[in-house]
Structure formats: structure tokens, C-alpha cells
Amino acid sequence: MAFAADADRVIQALDRYLKESIAADKPVLSLEPLGNIIEDLRLADTIQNGGLSEERLSAFVETYLTKTTRLHHPAYMAHQVAVPHYAGALGALINSVTNNAMAIYEMGPGATAIEYFMINWFLSKIGWEPAPTDMSAYNSQSAFGGGVLMHGGSLANLCALLVARQQAAPDAWENGNPPALVLLAPAGAHYSIARAVGILGMGQKAIVPLAVDDRGAIKPDCLKSTYDRMRDQGKRALALVANACSTAVGIYDPLDEIGDFCQERNLWLHVDGAHGASALLSPQHRPLLKDIHKANSVTWDAHKLLQTPILCAALLVRDHRHLDHTFQQDASYLFHEKEQPGFDFIHRTVECTKAGLGLKLFLVLAALGEKGLADTIEKQYALAQQAYTWINDQEGFSCPVAPQSNILCFRIEGSDTLQLKLRDRLLAQGRFYISTTTFNDTRYLRLVLINPLTKLEHIQQLIKEIGKLKKEFPSKER
Ligand SMILES: *Cc1c(COP(=O)(O)O)cnc(C)c1O
């Protein structure tokens, strides 16, 4: 079997790739036409002939790697996708070789145990009661926490709203949504929330926007009037969604006051912490999530701030019973009475064949320790602060909000179109990779400072480059 030899070739190629990326020897991205990539990689010939192994495999991987976007490059400042620690990638390899589809215990006891353990780790960070590891203590009388790992925060948000609906409208599974079911959410909620509302068949008009301040954060003082108006119109709230933090500008909603408001009304609070819940690891930034334990459900991605390779997202609930009762289905070959020393996750998620995602996160934590991860988060958040101060001081540049996380938006004086054109130029050059967003109806350039190697100097060079590029546009196009 050629496994070890071929794997060694792949690892050697990846090792060179990582070193080149870290040293910034190659462009951070290079966007060739798709057809050229298919040609260059000789995809059609390769599958026709088969037998890709040894030197040909090395050659293929080398070429493939030239067509990747290099997240390990210090000028990667674009998206909320982790620069993964290699230990997590080894976890992915182990998962793929063993292929333990662990939705049922018998298909992956080790993977299940790690997922159960990691879920308990997340729960305890939130301040919720972890689930017992002695299965005989697992019962429907006690309200300990629960959760499941899945492929992305978007899916976790959808599932969280399904759990919330099960509480707000218990017969919806059987009879469909009752009329007048609505969701309370700020306009700056991630698009997956609106998409989930669509998938749930509620219609986009069912989203009741919450009043926000000029940073996009929910105004707790306005919750009561919005809620009362909704109720007076005969509507019923499925849940309230709060951001921790928001996607566009990385601002945290005041969870403590929102939590009190929801608890008083027995309203389901879902905290979308896909990006920012990881700040719970940092003693310095934990207060941004004050009283998160008052929520009913939380989405928390490990593949953003926890240096874990895509995908590894946690859906967490304060009371496991809510999650355990959401998907009311029978599939006699999977769901049946059985004697087993473990736990099935299958009733908690959309997925049937389910990957053991816990191992990737576990191996990252095992390599860096919680403190190592927390230190990096603090460093990235501090860098956003420094960059904010510096950029705001530059003639012609401004930031819409002071950052609370590692997400920072800014713009150069000029039109919205200019911002987009400047980003296109930057991407074509391949020296810097940044993203863009609209916020309060204005177009911004956006940094996600997620690469631990990015320094203030890189951002300073970027800003100088943007200033220079702007001069290349005729004044009427600025
Ligand atoms: C990134 C993000 C999501 C989506 O998570 P995916 O893992 O990309 O599906 C949802 N909500 C917020 C607030 C996010 O930042």
C-alpha cells in the first residue's frame, strides 16, 4: 500500500507551502481564470488515466498549491476563517482515514467521546452545566446543558431556531408553523439567520428588526416597546437573536440586559457567537459576553478564532432536553432501543452521516493549551485597536466604529465604488487580501485580523498602498 509514501510526499509539499506562505514569498492570493486552473491541473487526463501516485502526485500537489489562497500569509486579513494550527489538520487526516461517521456511538466511540467532552468544555465556558459522562445519569429529569458539533455556524443557527420553535410552538413539527410567528433580530444579524427564517417557512416579513445604536448594537432600552408592539399586533416571538459579535464590524450586543429582558418574558434568547464567543477564553475580554449564560442557545465556531481547520461549529443549549426533543423522527435502522455504553448524537442534528469534528479542535487545544489560544485572541483584539488608532490618524481615512474584536472596518475618502475598485486592484496585485462590507448604508473596506503573524506594519503598508492606488484613479472616479 502506497499510503505512507504518498502521504509523506503530500506532507513534504505542504511543509514547503506553509514555510513559503509564512515567509510571504508568494502572493497571498492569485485569481486565475477557472478554465486555466482546470487545464493547468490536467484534471481531465488525470482522472482518465488514474494511478496518480509518487512523483506525479507530488507534481500535482505542488501545482494545486500554487492555486490556493494562502491563509498563513501575514497579509491575509480578509475573512473570519482561522489560520489553522497544523495539529487540527492532523485531526482532519485521522478523521478521513478512519472515517468514523459518529452520529451513532457504534460508528465511532472515540470520536463521540471527544465530541461529548468538547461540548462539555464549551458549556462550562458559557457557565452552563456540563452533561454527565456516566450515561446512567443522563436523563430527562435534569436540566444540564447539551450540544452538537456541525458543519458551520450557519447550520448551527438554523438548528438553534428549530430548537427555539419547538419551545415556542411545540406542535409546529406536526402541523407546520402557526400564523404570526416572528423572530426578533437586529438588522446586522448574520445572513444565515434570515436564511434560516426562510428555510423554516416563516417568510422574511417575519423578521422584526430590533433598534440598534450607531455601532449596530441592540439598544436594550428599546426592546420593550418593540416587543409590546409585536404582541399588540397579535404576533408571537419564536426567539430573539443577539450578536456576539456582529459579522460586519465585530460589535457585541449587551447580553446581560438582553438576557434579563428575555428571561422576564420567557423568550428564547439565541446568541450568535459564531465569531466572538471565543473571547470567553480570555479573562480580559470575557466581560464582552457578560451573562451569556442567560441565553438559551449559543452558536460558537471553532474554525474562526480557535485556530481549528474548517469546519467545526458548536450548537450549544442550556437545557439538553430542548435539543434532544427537537427532531421528532423515526428511522428504525438508526433510532431504536439499544444497550450501549455511549451516546448517539444523531437526534441532535440535520446530518445523518456525521463527521467527528471534535478531534480537530481537541488537537489544537492539546497543542496550544487554553492559555495559548486565549493569548492569541488577546493579541488579535489588541492589534485591531492599534490599527484603529493608526488608521483614524491618517489623512483621508476613517473607521466607522471603534473595534471590540479583531474585525476592523475603514474607508478612504471617496465614493462607495472607489472602495470596491481599490479592493479589486489590491486583489489583482496579490500583496494584500482584505474584504469589504456595507455598514449603515456605506461601503467599507474590512480587516479580519485572524493571522497571528500579521503586524501593525503590514496594515501600515496596506494603508499606504491604498493611498497610492487611489491616486491612479482619475478624480471623477474617486
Ligand atoms: C461567520 C458567522 C456565521 C456563519 O458561520 P459559518 O461557520 O461561516 O457558517 C454566523 N454568524 C456570525 C455572527 C458569524 O460571524
Side-chain angles (χ1 to χ4, degrees), residues 69 71 77-84 88 92 122 126 147-162 164 183 185-199 207 210 212 215-218 239-255 258 269-280 285 288-289 292 295 297-316 349-351 355 357-358 360-361 377 380-381 384 401 403-409 435-439 444 446-450:
T69 296
L71 275 63
M77 317 178 210
H79 290 286
Q80 299 160 276
V81 177
V83 180
F122 283 116
I126 292 172
V148 57
L149 297 180
M150 54 179 75
H151 282 88
S154 302
L155 187 56
N157 280 339
L158 170 65
C159 291
L161 296 187
L162 271 162
L183 179 75
H190 187 261
Y191 77 85
S192 59
I193 295 293
R195 191 177 273 187
V197 166
I199 295 170
I207 303 176
L210 295 172
V212 293
R215 304 167 316 138
I218 294 174
L240 186 153
V241 175
N243 288 318
C245 52
S246 64
T247 303
V249 288
I251 293 296
Y252 286 82
D253 286 327
L255 301 182
I258 298 170
L269 171 58
H270 175 62
V271 172
D272 185 357
H275 184 88
S278 295
L280 286 169
H285 296 300
L288 290 167
L289 295 126
I292 187 175
S297 55
V298 171
T299 291
W300 184 345
D301 283 0
H303 58 265
K304 288 182 173 173
L305 278 166
L306 297 183
Q307 300 187 43
T308 301
I310 51 174
L311 288 153
C312 181
L315 164 62
L316 305 155
T349 175
V350 173
E351 291 139 310
L357 302 175
K360 296 188 289 185
L361 169 61
I377 292 166
Q380 302 310 112
Y381 278 34
V401 296
Q404 282 189 314
S405 63
N406 61 332
I407 299 175
L408 177 63
C409 290
S435 55
T436 170
T437 188
T438 51
F439 176 68
Y444 289 94
R446 175 172 175 269
L447 305 181
V448 182
L449 301 170
I450 204 150

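First listed ligand is number 1; within each ligand, the first listed atom is number 1.
Within the model, atoms CD1 of I258 and CG of L210 stand 8.0 Å from one another, a figure rounded to the nearest 0.5 Å.
The ring pair (Phe, Tyr, Trp, His ring centres under 6.0 Å) search around Y444 returns none, not counting sequence neighbours. Considering only residues two or more places apart in sequence or on other chains, H190 meets the side chain to side chain donor-acceptor pair (under 3.5 Å) condition with S192. Residues satisfying the ring pair (Phe, Tyr, Trp, His ring centres under 6.0 Å) criterion with Y252, sequence neighbours excluded, are absent altogether.
The backbone N or O of D253 lies less than 3.5 Å from no partner atom in the side chain of N243, so there is not a single donor-acceptor pair.
Near ligand 1, residues Q80, G152, G153, S154, N157, H190, S192, C245, T247, D272, A274, H275, D301, H303, K304 each place a heavy atom inside the 4.0 Å sphere around the ligand atoms.
For the side chain to side chain donor-acceptor pair (under 3.5 Å) criterion with H275, the lone passing option out of N406, D301, T247 is N406.
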